[in-house]
Structures are given as structure tokens and as C-alpha cells.
Amino acid sequence: RKEVEQDPGPFNVPEGATVAFNCTYSNSASQSFFWYRQDCRKEPKLLMSVYSSGNEDGRFTAQLNRASQYISLLIRDSKLSDSATYLCVVTGNTPLVFGKGTRLSVIA
Amino acid sequence: DGGITQSPKYLFRKEGQNVTLSCEQNLNHDAMYWYRQDPGQGLRLIYYSQIVNDFQKGDIAEGYSVSREKKESFPLTVTSAQKNPTAFYLCASSNSGLARPDTQYFGPGTRLTVL
């Protein structure tokens, strides 16, 4: 089982839609979880950290389920500018482990 | 402005040549990292360093070398032993290392193409 797995997509959604991404991780000892956003041919940028109690930032909500070992990202009222690849990131026995990313395309 | 810089943005090299990618940060971060990203793939860790004069191999260190003589600088050398070096190389830094995982901040990356 890969350390971090994400549905690669692409997710093609209309503007205003709600979209959710899931990410599963294999290391039950993982402590820290993040979502990064990566635009085409650019570096990843931190979108939000994921706390045990969940985390909300505007239209974005991240949740952690330790029992099932997955984290999720919910984007409400999608904008064209949300089009990007979203990377799930987990700490394991080495520095951050990155998923391959889920590509989102928001369509007008 | 604080941040991480990488140079050059694009780099072309002939097969069999060594090449060094630059990474500098003025964030006063202790830990620095090098990743490689191939099209449609996630980031894979090449080397990381938690303090000056110390570094560890990541998942794909073969064919690469690094140094950490200064806190601000973590150059990566892609040697001729790296069989498939064409990729997007990303440098990152963070305020803490393995003991207290923290968010990483990335430089803009260097696209290396072997001709």
C-alpha cells in the first residue's frame, strides 16, 4: 500500500459547485497533515493544515479521520481560480510525504 | 522580502555532464529539502538537511549529491550517474525538521532538461 493515495482526477466541475477530495494514508503514526495547491508548472503552496478538530478557511474545509486514516478537502462555491492540482501531504518516518495530487478544473 | 530562491529557472545540460542547482533561503529556517517532480507524479524526496554540515538521503538519492556549508544555502548536484535527470526540481525549507514537522515553503523550482 502506498504511503499516501489520492484520486488523480481530473475533477471537472462547473463554477459554483461543491467538490470534495479524499486522501488515504498508511502510516498510523502520522502526526501532521496538510493540503497544498500546485498550479501548472509552479511550486506547491500551502493551502491549509488539517487538525483533528477539522479546519475551515472561507470556502475550504479540511477534515481528518484518524480511525479510517484519511483526510478530506471540501471546496464550496468553486471559482475558476480554484483550478489547480491539490496535493495531500502527511508526515511519516521521513519528512513530509506527498500524494500525487488531484487535478481540479472549474469550468465556466 | 523573505523567501526561497532557486536558480536557474530553466537549465539544459548535455548527457554525461554534472550540473549544480542553487537554492538559497533568507527565512532563517533550519531544515532544507530537495524534491524531484516528474510529469503527473508527486514530489519525491532526494536529500534533506536539518542543520548545517549535516544531511540525509531521501528516497531517491542515487546520482545526486548535496552540501550544507551555510544555513542559507543547500545546493544540489545532479551527477552523470543519474540515469534519468530530466525533471522539475524543487527546493523547500521549514522551521523545524523531523522532530516537529512543520509546513514547508517552496522555491519556484528549476526545470532541468538533458539533451
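Letters go in sequence order (proteins before strands), and every chain restarts at 1. All values reported here derive from a predicted model rather than from experimental measurement.
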What residue in Gly58(B), Gly42(B), Ala92(B) has the most heavy-atom pairs under 4.5 Å with chain A?
Gly42(B)

Can you get from Phe88(B) to Val19(B) by hopping between Ile, Leu, Val, Met, Phe, Trp and Tyr side chains that sit under 4.5 Å apart?
no

Taking atom CZ of Arg103(A) as the centre, report whether more than 12 heavy atoms of other residues, nucleotides or ligands fall under 6.0 Å from it.
no

Could you list which of residues 48-65 of chain A have a heavy atom closer than 4.5 Å to any heavy atom of chain B, in residue-number order?
Ser49(A)

State plainly whether one hydrophobic cluster holds both Val78(B) and Ile46(B), where clusters connect Ile, Leu, Val, Met, Phe, Trp and Tyr through side-chain heavy atoms under 4.5 angstrom apart.
yes

With the side chain counted from C-beta on, respond yes when Gln104(B) and Phe34(A) share a heavy-atom pair under 4.5 Å apart, and no when they do not.
no

How about OH on Tyr47(B), more than 12 heavy atoms from neighbouring residues, nucleotides or ligands closer than 6.0 Å, or not?
yes

Count I, L, V, M, F, W, Y as connected when their side-chain heavy atoms are under 4.5 Å apart, and connections chain through other members. Are Tyr10(B) and Val114(B) then in the same cluster?
no

Report, as yes or no, whether the 6.0 Å neighbourhood of atom NZ on Lys42(A) holds more than 12 heavy atoms from other residues, nucleotides or ligands.
no

Counting only heavy atoms closer than 4.5 Å, note whether Leu90(B) contacts chain A via side chain, backbone, both or neither.
side chain

Start with the C-alpha distance between Gln38(A) and Gln37(B), add both sets of side-chain angles, then the distance that settles side chain to side chain donor-acceptor pair (under 3.5 Å), and finish with yes or no.
CA-CA 12 Å; Gln38(A) 186 174 24; Gln37(B) 188 176 35; 2.8 Å; yes

Restricting to side chain to side chain contact (heavy atoms under 4.5 Å, CB included), what partner residues turn up for Ser83(A), sequence neighbours left out?
Val106(A)

Highest number of heavy-atom pairs under 4.5 Å with chain B: which of Pro44(A), Gly101(A), Pro8(A)?
Pro44(A)

From Glu43(A) CD over to Leu43(B) CG, what is the distance, rounded to the nearest 0.5 angstrom?
11.0 Å

Heavy-atom distances under 4.5 Å only: say whether Arg41(A) touches chain B with side chain, backbone, both or neither.
both

Same hydrophobic cluster for Ile75(A) and Phe33(A), using side-chain heavy-atom links shorter than 4.5 Å among ILVMFWY?
yes

With a 4.5 Å cut-off on side-chain heavy-atom distances among I, L, V, M, F, W and Y, is there a chain of contacts connecting Val97(A) to Ile60(B)?
no

Option in Gly107(B), Gly109(B), Pro39(B) with maximal non-hydrogen atom pairs under 4.5 Å from chain A
Gly107(B)

Part of Arg111(B) within contact of chain A (heavy atom distance under 4.5 Å)
side chain

Working to the nearest 0.5 angstrom, can you tell me the gap between Phe106(B) CZ and Tyr36(A) OH?
5.5 Å

Are more than 12 heavy atoms, taken from residues, nucleotides or ligands other than Glu15(A), located less than 6.0 Å from that residue's CD atom?
yes

